[in-house]
*Asks:* 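I have a structure I would like to understand better, so I am pasting it below and will then ask my questions one at a time.
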Amino acid sequence: MIVIKNEKEIAAMRRGGKILAEIMDAVGQKIAPGVSTLALDKLASELVFRSGGRAAFLGYGEKNNPYPAAICASINSEIVHGIPSEQKIIQSGDIVKIDMGIEIDGLITDMARTFSVGAVAPVAHKLAEATREALDAGIKKIKAGANISEYSAAVEDYAKAQGFSVIRDLVGHGVGRQLHEDPQIPNYSCKGNDVVLQAGMTLALEPMINEGTHYIKILSDGWTYATKDGKLSAHFEDTVLVKKDGCEILTR
Ligand code: MF3
Ligand code: CO
């Protein structure tokens, strides 16, 4: 079931999205060689607490292996859901993907950014830029009456034209009352289950784009996804509100 948000819920998500974007900015500014991903998580946790919100990822998932942190921090060939650790030290040349969700006034917003640390390889820079631009190409298609498949095709076409591949096994999602709501939002063209967008839907759009093949694997911690071929992956995510003539990006 796809939830249409009311005005009060939309106001909460607007407020939350702004706070989340500010926290993401602060975390991004702390990213530097020698900093652990746990230090980034501590900063994010403190900032969300100070804002009066709740970290939406903390405790998420199955009871026997709940997600243990406020942010996901995934480096280079790690795609998403990297668990912050004191042992994970950021180095010059890394691309670091930070993903965070917060709950403010009962409503959740979700966003991710790829940060380049120091001078990264040209292909890493190109991959991160292409992923950001693929998300923007997709966002341009979002409006009431459009099909999700128009978004999906725009993202995939853009990424492929840049010489990269689109992850198929992980998708975007509705967001708001819960972290993951219907509908699923693929970042590649796929047949069937297309959804017509309606004003008041709130969506987490999140292309994950690879340097090499689109295949992924999960690491032994049960959370971290990484590329199967060990090559780089990039991730950008924004929460958007579908409107009559377009969409409003809530997390910028
Ligand atoms: N943005 C991520 C996603 O939609 C959030 C992961 S939730 C976590 O998959 F708790 F698993 F980290
Ligand atoms: Co998400």
Side-chain angles (χ1 to χ4, degrees), residues 2 57 60-62 67 72-83 95-99 101 110-114 123-124 126-142 146-175 178-197 201-240 242 247:
I2 301 177
F57 297 177
Y60 182 83
E62 319 259 304
Y67 192 74
C72 305
S74 312
I75 301 177
N76 296 335
S77 64
E78 295 172 348
I79 302 159
V80 287
H81 301 181
I83 298 174
I95 56 171
V96 182
K97 287 127 297 182
I98 303 295
D99 192 347
D110 188 5
M111 84 181 285
R113 294 287 181 266
T114 298
V123 68
K126 187 181 174 195
L127 177 67
E129 285 295 291
T131 306
R132 188 170 54 76
E133 289 161 5
L135 174 58
D136 283 344
I139 284 175
K140 286 205 179 91
K141 304 290 180 184
I142 302 288
N147 291 299
I148 283 182
S149 60
E150 296 173 54
Y151 161 87
S152 306
V155 172
E156 180 178 33
D157 290 350
Y158 191 89
K160 282 193 168 161
Q162 300 292 309
F164 298 125
S165 68
V166 175
I167 289 175
R168 307 170 80 88
D169 294 343
L170 302 167
V171 297
H173 50 92
V175 65
Q178 287 172 300
L179 177 57
H180 293 139
E181 298 178 347
D182 288 338
Q184 292 200 3
I185 307 174
N187 300 295
Y188 61 94
S189 295
C190 62
K191 293 204 178 71
N193 292 355
D194 208 354
V195 170
V196 180
L197 297 174
M201 289 180 182
T202 45
L203 311 172
L205 307 172
E206 50 178 324
M208 289 150 270
I209 311 280
N210 288 354
E211 175 192 7
T213 70
H214 71 265
Y215 296 106
I216 70 173
K217 62 180 182 185
I218 190 158
L219 303 189
S220 58
D221 60 22
W223 277 107
T224 313
Y225 287 100
T227 58
K228 205 158 191 184
D229 60 14
K231 294 189 174 180
L232 299 173
S233 186
H235 180 212
F236 280 81
E237 175 175 28
D238 278 304
T239 296
V240 306
V242 180
C247 73

*Asks:* With no hydrogens and no angle check, is any side-chain donor or acceptor of H235 less than 3.5 Å from a backbone partner on I79?
*Replies:* no
*Asks:* Would you compute the distance between atom CD1 of I216 and atom CG of D169 and round it to the nearest 0.5 angstrom?
*Replies:*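 Interatomic distance, I216 CD1 to D169 CG, rounded to 0.5 Å: 4.5 Å.
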*Asks:* After noting the C-alpha distance and the side-chain angles of R132 and T114, does the key distance pass the side-chain contact (heavy atoms from CB on, under 4.5 Å) rule?
*Replies:* CA-CA 8 Å; R132 188 170 54 76; T114 298; over 6 Å; no
*Asks:* Can you tell me how far apart CG (N187) and CG (L170) are? Round to the nearest 0.5 Å.
*Replies:*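 Between N187 CG and L170 CG, I get 9.5 Å after rounding to 0.5 Å.
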*Asks:* Can you list everything that forms a ring-ring contact (aromatic ring centres under 6.0 Å, His included) with H214? Sequence neighbours excluded, please.
*Replies:*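 Checked H214 against ring-ring contact (aromatic ring centres under 6.0 Å, His included); zero matches.
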*Asks:* Report the distance from atom OG of S149 to atom CD1 of I185, rounding to the nearest 0.5 Å.
*Replies:*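 Answer rounded to 0.5 Å: 12.0 Å.
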*Asks:* Taking all atoms of both residues into account, what is the closest heavy-atom pair of G230 and S77, and its distance?
*Replies:*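 Reported closest heavy-atom pair: O-CB, 3.4 Å.
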*Asks:* Any carboxylate oxygen within less than 4.0 angstrom of a Lys/Arg side-chain nitrogen, looking at E129 and K126?
*Replies:* no
*Asks:* With heavy-atom distances below 4.5 Å as the criterion, would you say the side chains of I2 and D182 are in contact?
*Replies:*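 Yes; the side chains approach each other to less than 4.5 Å.
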*Asks:* State the OG1-NZ distance between T213 and K228, to the nearest 0.5 angstrom.
*Replies:* 8.5 Å
*Asks:* Decide yes or no for I167 and N210: does some side-chain heavy atom of the first lie under 4.5 Å from some side-chain heavy atom of the second?
*Replies:*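 Yes; the side chains approach each other to less than 4.5 Å.
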*Asks:* Within the distance-only criterion (no hydrogens, no angle test), does the side chain of D221 pair as donor or acceptor with the backbone N or O of W223 below 3.5 angstrom?
*Replies:* yes
*Asks:* For F236, which of T131, I209, L205, D136 qualifies under side-chain contact (heavy atoms from CB on, under 4.5 Å)?
*Replies:* T131
*Asks:* Are a donor atom and an acceptor atom from the side chains of Y60 and H180 found within less than 3.5 Å of each other?
*Replies:* yes
*Asks:* Can you tell me how far apart NE2 (H81) and OG1 (T224) are? Round to the nearest 0.5 Å.
*Replies:* 9.5 Å
*Asks:* Return the minimal non-hydrogen interatomic distance between A128 and A234, and the atom names on each side.
*Replies:*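 For A128 versus A234, the nearest heavy atoms are CA-CB, 4.0 Å.
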*Asks:* Considering only NZ, NE, NH1 and NH2 on the basic side and carboxylate oxygens on the acidic side, decide whether D229 and K217 come within less than 4.0 Å.
*Replies:*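 No, this pair does not count.
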*Asks:* Does any N or O in the side chain of E156 come within less than 3.5 Å of the main-chain N or O of S189, such that one atom is a donor and the other an acceptor?
*Replies:* yes
*Asks:* Could you pull out the closest heavy-atom pair between A124 and L232, with the gap in Å?
*Replies:*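 That closest heavy-atom pairing would be CB-CD1, 3.6 Å.
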*Asks:* Side-chain contact test, heavy atoms from C-beta onward, threshold under 4.5 Å: evaluate it for Y67 versus C72 and give yes or no.
*Replies:* yes
*Asks:* I want to check something: taking the side chain as every heavy atom from C-beta on, are L219 and Y225 in contact at a cut-off of under 4.5 Å?
*Replies:* no
*Asks:* Measure the shortest side-chain to side-chain distance between I139 and C247 over non-hydrogen atoms and say whether it is less than 4.5 angstrom.
*Replies:*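 With C-beta onward as the side chain, the pair touches.
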*Asks:* Using 0.5 Å steps for rounding, measure from the CD atom of E237 to the CG atom of L135.
*Replies:*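 So the gap between those two atoms works out to 9.0 Å.
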*Asks:* Keeping the roles fixed (side chain from E150, backbone from N147), state whether a donor-acceptor pair exists under 3.5 Å.
*Replies:*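 Yes, E150 side chain to N147 backbone: donor-acceptor pair under 3.5 Å.
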*Asks:* Is a side-chain donor or acceptor of K141 paired with a backbone partner of V155 at a separation under 3.5 angstrom?
*Replies:*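 Not at all, since once roles are kept as given, no pair shorter than 3.5 Å links the two residues.
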*Asks:* Determine yes or no for a side-chain-to-main-chain donor-acceptor pair under 3.5 angstrom, with E181 supplying the side chain and G174 the backbone.
*Replies:* no
*Asks:* Got a donor-acceptor contact below 3.5 angstrom from the S152 side chain to the P186 backbone?
*Replies:* yes
*Asks:* Apply side-chain contact (heavy atoms from CB on, under 4.5 Å) to E206 and H173, showing your working.
*Replies:* CA-CA 8 Å; E206 50 178 324; H173 50 92; 3.0 Å; yes
*Asks:* Is there side-chain contact between P183 and L203, with heavy atoms separated by less than 4.5 Å?
*Replies:* yes
*Asks:* Just by distance, do the side chain of K97 and the backbone of N76 share a donor-acceptor pair under 3.5 Å?
*Replies:* yes
*Asks:* Quick one: which of D194, I142, N193 gives a side-chain contact (heavy atoms from CB on, under 4.5 Å) with I148?
*Replies:* D194
*Asks:* With side chains defined as the heavy atoms from C-beta onward, is the minimum distance between V123 and F164 less than 4.5 Å?
*Replies:* yes
